[in-house]
Structures are given as structure tokens and as C-alpha cells.
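What follows is a single structure, written as C-alpha cells, with notes after it.
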Amino acid sequence: MSIPFDVLAEPSRRRILDLLLVRSAETVWAELTAGAEVLEGAPVPAGFTAPKTPPGPVTEVRRPALLAYAVDPQGEVRWQLAEGTGHGPRLILTQTGPRDMDVDDLLASWHTRLTHLAARLLEA
């Protein structure tokens, strides 16, 4: 299954993946967290991770709209569930760092993760 998403690159080496989802923010959050409570400082639920981005601790959480976590060194991954088109939220995934990241590998890893998420949401 292939999903369309936009990739926008900023000069700060941020990578943004933008995807419109088809379920409510609450449903998406439940899928990403596997129903677990997420707290700042805690480990990141696996649903928010991708193989090319080893996660550090959760740095910010606002259920069901935002989860951010550290990536080494001095980087961050941010998942935002913003208002979408009325059929579901707009997922904005931003990653900064690490500076030596292979952008193509990173994007392929996140694309695989988001494709899996989109497929799971269609099954729900």
C-alpha cells in the first residue's frame, strides 16, 4: 500500500512529513500508544518510533494532539495531530537531528512507519 504524503525540507535540517488521516485524533492516539498512558520523561511508545530514529525520553505530551521525544544527539521528533479536513486529523511529523542523518534512509523509514499506521487505521 502506498500513501501520499508531503515532505518539506527547511534549512534547519528539519524534515516534515505531512499526512491527512481518516480516523479521529483519539483513535490515532490510541493506535500509536497501544492504549498506554504516556508521560514526560517516560520511554516513547513503539507506535511513535521508526527504525532509523532511536528514541530518547518523551519531552512533551498533550493527549491526543502532540508527542515529542529526544533523539541523540540534540535532536527531536514531534508528532502533531492538527485539525484536518473533517475526516480525520492532519499528522505533522517533524524531526531535527542527528546532524549526520542519512535523509533518504530516514524518510524511507518514516514512510514505512506511516504506511503501516495508515493501513491499521483503515482496518479500525
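Quick caveat, the model's predicted, so the values are computed rather than measured.
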Rounded distance [0.5 Å steps], NE2 in His116 versus NE2 in His111: 14.0 Å
Distance in Å, Leu67 CG paired with Trp29 CH2, rounded so as to fall on 0.5 Å steps: 4.5 Å
Short side-chain donor-acceptor distance under 3.5 Å, Thr112 and Thr115: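 No pair is found: no donor N or O on one side chain lies under 3.5 Å from an acceptor on the other.
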Side chains of Thr53 and Gln95, donor plus acceptor under 3.5 Å: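 Result is yes, a qualifying pair exists.
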Leu107 and Leu17: CA distance, side-chain angles, deciding distance, side chain to side chain contact (heavy atoms under 4.5 Å, CB included) verdict: CA-CA 8 Å; Leu107 291 175; Leu17 290 83; 3.9 Å; yes
Are [X] and [Y] side-chain neighbours, meaning at least one heavy-atom pair lies under 4.5 Å?
X      : Y      : answer
Val38  : Pro45  : yes
Glu31  : Leu117 : yes
Trp110 : Asp105 : no
Leu91  : Asp18  : no
Val22  : Leu122 : yes

Taking all heavy atoms of [X] and all of [Y], pick out the closest pair and write down the distance.
X     : Y      : result
Val44 : Gly56  : CG2-O, 3.1 Å
Ile92 : Ala82  : CD1-CB, 4.3 Å
Pro51 : Ser109 : CD-OG, 3.2 Å
Val28 : Pro89  : CG2-CG, 4.2 Å

Candidate pair Thr59 and Glu76, rule side chain to side chain contact (heavy atoms under 4.5 Å, CB included), full reasoning: CA-CA 9 Å; Thr59 57; Glu76 179 186 65; 3.8 Å; yes
Glu60 vs Arg78, salt bridge (charged side-chain N to carboxylate O under 4.0 Å, His left out): CA-CA, chis, key distance, verdict: CA-CA 9 Å; Glu60 186 177 359; Arg78 270 179 106 67; 3.1 Å; yes
Heavy-atom donor-acceptor pair, Tyr69 side chain to Phe48 backbone, under 3.5 Å: yes
Expected output: side-chain Thr27 to main-chain Arg23 donor-acceptor under 3.5 Å: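 Flag not set: sc Thr27 to bb Arg23 has no pair under 3.5 Å.
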CA sep, side-chain torsions, deciding dist, call: Leu66, Leu81, side chain to side chain contact (heavy atoms under 4.5 Å, CB included): CA-CA 6 Å; Leu66 174 79; Leu81 295 173; over 6 Å; no
Stepwise side chain to side chain contact (heavy atoms under 4.5 Å, CB included) check, Leu39 with Val58: CA-CA 7 Å; Leu39 302 172; Val58 172; over 6 Å; no
